[in-house]
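Inspection log for the structure reproduced underneath, given as structure tokens.
Sequence positions, counted from 1, serve as the residue numbers for this chain.
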Amino acid sequence: MQTLTEFKTILSNSKPETGLAVQLKSLWYDAKGNWDFAHHQVDQLSDQESAWVHAYLHRKEGDTGNADYWYRRAGRRRPEVSLEEEWTELVDYFLHG
């Protein structure tokens with residue numbers, strides 16, 4: 001899978017595809033409306049890339065303080081774009097990472 005369009009196509013599946021990076025699995029579950037399972041995918045990971053997904057999820061949850069903590073762990077600042085735009089940026093990043 002190499003494009004955002006291809007990734008969006010698999011959102012119609014009942015499960016994420018085998019072999020997806022954990023960050024993409026998290027974003028898949030998020031897009032399917034399962035915030036808890038999306039969070040579960042990355043909440044025990046300590047790398048900066050997973051921290052970025054974690055930050056996005058807490059931003060989406062509305063917990064700005066927690067989100068900002070995770071953005072700092074990711075070496076990033078909270079973006080001033082919509083959640084949809086950040087989700088797209090994240091998916092694109094992990095597809096081409």
Side-chain angles (χ1 to χ4, degrees):
M1 173 176 333
Q2 296 184 347
T3 69
L4 178 62
T5 302
E6 291 172 332
F7 186 79
K8 286 183 175 181
T9 299
I10 68 165
L11 293 175
S12 64
N13 298 346
S14 61
K15 294 181 184 179
E17 287 189 359
T18 305
L20 276 182
V22 66
Q23 297 88 356
L24 286 170
K25 282 184 186 176
S26 177
L27 295 164
W28 186 91
Y29 282 110
D30 173 63
K32 297 287 278 186
N34 192 337
W35 186 93
D36 289 327
F37 212 69
H39 184 258
H40 175 71
Q41 301 300 304
V42 294
D43 69 341
Q44 299 298 318
L45 302 177
S46 59
D47 62 283
Q48 284 189 314
E49 292 175 331
S50 297
W52 183 18
V53 176
H54 202 160
Y56 157 79
L57 290 169
H58 282 293
R59 177 176 172 233
K60 185 172 186 176
E61 177 191 34
D63 188 347
T64 305
N66 201 1
D68 287 344
Y69 166 80
W70 287 103
Y71 281 116
R72 285 190 302 276
R73 295 269 316 258
R76 297 176 174 272
R77 296 180 62 174
R78 182 174 9 114
E80 298 197 16
V81 298
S82 70
L83 289 166
E84 294 80 13
E85 289 173 299
E86 186 177 14
W87 182 89
T88 298
E89 182 181 352
L90 282 158
V91 170
D92 189 56
Y93 176 85
F94 289 107
L95 286 173
H96 301 109

Item to complete: Please name the pair of heavy atoms, one in Ala38 and one in Ser26, separated by the smallest distance, quoted to 0.1 Å.
Response: O-OG, 2.8 Å

Discussion item. The criterion is side-chain hydrogen bond (donor to acceptor under 3.5 Å, both in side chains); which residues satisfy it with Glu85, sequence neighbours excluded?
Written reply: Ser82

Worksheet, complete the sentence: Here the salt bridge (Lys or Arg N to Asp or Glu O under 4.0 Å) pairs for residues 46-62, sequence neighbours left out, are Asp30-Lys60, Arg59-Glu86

Worksheet entry | Interatomic distance, Lys25 atom NZ to Leu20 atom CG [nearest 0.5 angstrom] | 7.0 Å

Worksheet entry | Contacts of type ring pair (Phe, Tyr, Trp, His ring centres under 6.0 Å), residue Tyr71, not counting sequence neighbours | none

Worksheet item: Does His58 have its ring centroid less than 6.0 Å away from the ring centroid of Trp35?
Response: yes

Worksheet entry | Val91: side-chain contact (heavy atoms from CB on, under 4.5 Å) partners, not counting sequence neighbours | Leu4, Phe7, Leu24, Leu27, Trp87, Leu95

Worksheet entry | Pairwise distance CD(Glu89) to CZ(Phe94) - rounded to 0.5 angstrom | 10.0 Å

Worksheet item: For the atom pair OH (Tyr29) and NZ (Lys15), what is the distance rounded to the nearest 0.5 Å?
Response: 8.0 Å

Worksheet item: Quick one: OG on Ser50 to CD on Gln44, what's the gap to the nearest 0.5 Å?
Response: 11.5 Å

Discussion item. Run the ring pair (Phe, Tyr, Trp, His ring centres under 6.0 Å) test against Trp52 and tell me which residues pass, sequence neighbours left out.
Written reply: Tyr93

Practice prompt. Please check if Trp70 and Val81 belong to a single hydrophobic cluster, counting links between Ile, Leu, Val, Met, Phe, Trp and Tyr side chain heavy atoms closer than 4.5 Å.
Written response: no

Response to the item:
Applying side-chain hydrogen bond (donor to acceptor under 3.5 Å, both in side chains) to Asp43 and not counting sequence neighbours gives none

Worksheet, complete the sentence: side-chain contact (heavy atoms from CB on, under 4.5 Å) filter on Tyr69, not counting sequence neighbours, yields Asn66, Arg72, Arg73

Worksheet item: Which atom pair, heavy atoms only, marks the closest approach of Glu6 to Gln2?
Response: OE1-N, 2.5 Å

Worksheet, complete the sentence: Scanning both residues in full, the closest heavy-atom pair of Lys32 with Asn13 reads NZ-O, 3.0 Å

Worksheet item: Listed by chain and number, what are the side-chain hydrogen bond (donor to acceptor under 3.5 Å, both in side chains) partners of Asp63, not counting sequence neighbours?
Response: none

Worksheet entry | Any donor-acceptor N/O pair, His96 side chain to Asp92 backbone, under 3.5 Å | yes

Worksheet item: Once you round to the nearest 0.5 Å, how far does CD of Gln41 lie from CH2 of Trp28?
Response: 10.0 Å

Response to the item:
Sorted by chain and number, sequence neighbours left out, side-chain contact (heavy atoms from CB on, under 4.5 Å) with Thr5 holds for Thr3

